[in-house]
Amino acid sequence: QVQLVESGGGLVQAGGSLGLSCAVSGRTLNSFVVGWFRQAPGKEREFAGAITWSGGSTGYADSVKGRFTVSRDNAKNTVYLQMNSLKPEDTAVYYCAAHLGNYYYTHPYQYDYWGQGTQVTVSS
């Protein structure tokens with residue numbers, strides 16, 4: 001079993017930056033991928049970015065590419081989402097999730113473990 005706990009959400013003005021953390025525990029993570037998703041009110045949950053634990057390869061949705069960065073700290077078993085140049089449309093609940101494998105998936109149903117989510121609000 002894998003447990004994920006997000007932290008770091010909050011309110012930020014458009015153009016600002018915010019960092020989220022996802023603490024992962026429960027199993028050896030070498031064969032896992034950790035992804036970040038977001039869900040705005042009335043919308044489906046969408047992929048934002050992901051990182052493979054073993055090789056550190058990353059991938060991003062087009063909507064956040066160049067603005068968001070996913071990274072990991074192996075010693076702390078923590079994955080980060082650094083969000084820059086935030087826009088009001090980035091407002092959502094952000095979730096981290098995990099699945100076994102060496103390549104990241106982009107659909108929520110492909111992820112087996114989920115955190116509780118953290119709210120990010122970007123004001124205009």
Q: Taking the inter-plane angle between the rings of Tyr105 and Tyr111 on a 0 to 90° scale, is it parallel (under 30°), tilted (30 to 60°) or perpendicular (over 60°)?
A: perpendicular
Q: Does Phe47 form a side chain to side chain contact (heavy atoms under 4.5 Å, CB included) with Tyr60? I'd like the steps, not just the answer.
A: CA-CA 8 Å; Phe47 173 77; Tyr60 300 94; 5.6 Å; no
Q: Heavy-atom distance under 4.5 Å between the side chains of Ser17 and Met83, does that happen here?
A: no
Q: Mind running side chain to side chain contact (heavy atoms under 4.5 Å, CB included) on Val64 and Arg38 for me, showing each step along the way?
A: CA-CA 11 Å; Val64 307; Arg38 63 186 185 180; 3.9 Å; yes
Q: Is there a side-chain contact between Leu4 and Tyr95, using heavy atoms and a 4.5 Å cut-off?
A: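 Answer no - side chains too far apart.
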Q: For side chain to side chain contact (heavy atoms under 4.5 Å, CB included), just list the numbers for Leu18 and Val120, CA-CA rounded to whole Å, side-chain angles, deciding distance to a tenth of an Å, and then say yes or no.
A: CA-CA 9 Å; Leu18 198 63; Val120 172; 3.9 Å; yes
Q: Salt bridge or not for Lys87 and Asp90, using N-O below 4.0 Å?
A: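 No, this pair does not count.
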Q: Is any side-chain heavy atom of Leu86 closer than 4.5 Å to one of Val12?
A: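 They are in side-chain contact.
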Q: Which pair of non-hydrogen atoms, one from Ser124 and one from Pro88, has the smallest distance, and what is that distance?
A: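 Heavy atoms of Ser124 and Pro88 come nearest at CB-CG, 3.8 Å.
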Q: Rounded to the nearest 0.5 Å, what's the gap from OG on Ser71 to CD1 on Ile51? Could you check?
A: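 Between Ser71 OG and Ile51 CD1, I get 6.0 Å after rounding to 0.5 Å.
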Q: Rounded at 0.5 Å granularity, tell me how far NZ in Lys43 sits from CD in Glu89.
A: 8.5 Å
Q: What about Leu20 and Val70, same hydrophobic cluster or not, with Ile/Leu/Val/Met/Phe/Trp/Tyr joined at side-chain heavy-atom distances under 4.5 Å?
A: yes
Q: Take atom CD of Gln116 as the centre, draw a 6.0 Å sphere, and report whether it contains more than 12 heavy atoms from other residues, nucleotides or ligands.
A: yes
Q: Would you say Val2 and Val24 make side-chain contact, with heavy atoms under 4.5 Å?
A: yes
Q: With distance as the sole test, does Thr52 use its side chain to make a donor-acceptor pair with the main-chain N or O of Ser57 at under 3.5 Å?
A: yes
Q: Do the side chains of Leu11 and Ser123 get nearer than 4.5 Å, heavy atoms only?
A: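 Ser123 reaches Leu11 side chain to side chain.
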Q: Sort out for me which residue in Trp36, Phe37, Tyr109 forms a ring-ring contact (aromatic ring centres under 6.0 Å, His included) with Trp114.
A: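 Among Trp36, Phe37, Tyr109, the one meeting ring-ring contact (aromatic ring centres under 6.0 Å, His included) with Trp114 is Phe37.
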Q: When you compare the side chain of Glu46 with that of Gln39, does any pair of heavy atoms fall below 4.5 Å?
A: no
Q: Ignoring hydrogens and geometry beyond distance, is a side-chain donor-acceptor pair present between Asp73 and Thr78 at under 3.5 Å?
A: no
Q: Would you say Glu6's side chain and Gly117's backbone share a donor-acceptor pair under 3.5 angstrom?
A: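 At least one qualifying donor-acceptor pair exists.
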Q: Could you check if a side-chain atom of Val93 sits within less than 4.5 angstrom of a side-chain atom of Thr118, using non-hydrogen atoms only?
A: no
Q: First locate atom SG of Cys22, then atom CD of Gln3, and finally report the distance between them rounded to the nearest 0.5 Å.
A: 11.0 Å
Q: I need the Leu100 CG to Phe32 CZ distance, nearest 0.5 Å.
A: 4.0 Å
Q: Take Tyr80 and Val34 through the test side chain to side chain contact (heavy atoms under 4.5 Å, CB included) and record every step on the way to the result.
A: CA-CA 10 Å; Tyr80 304 97; Val34 178; over 6 Å; no
Q: Tell me whether Phe68 is reachable from Tyr104 by hopping between hydrophobic residues (I, L, V, M, F, W, Y) whose side-chain heavy atoms are closer than 4.5 Å.
A: no
Q: Between the side chain of Arg72 and the main-chain N/O of Asn77, is any donor-acceptor distance below 3.5 Å?
A: no
Q: Quick one: does Ser54's side chain have a donor or acceptor within less than 3.5 Å of a partner on Ser31's backbone?
A: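 The answer is no, because no donor-acceptor pair under 3.5 Å joins these two groups.
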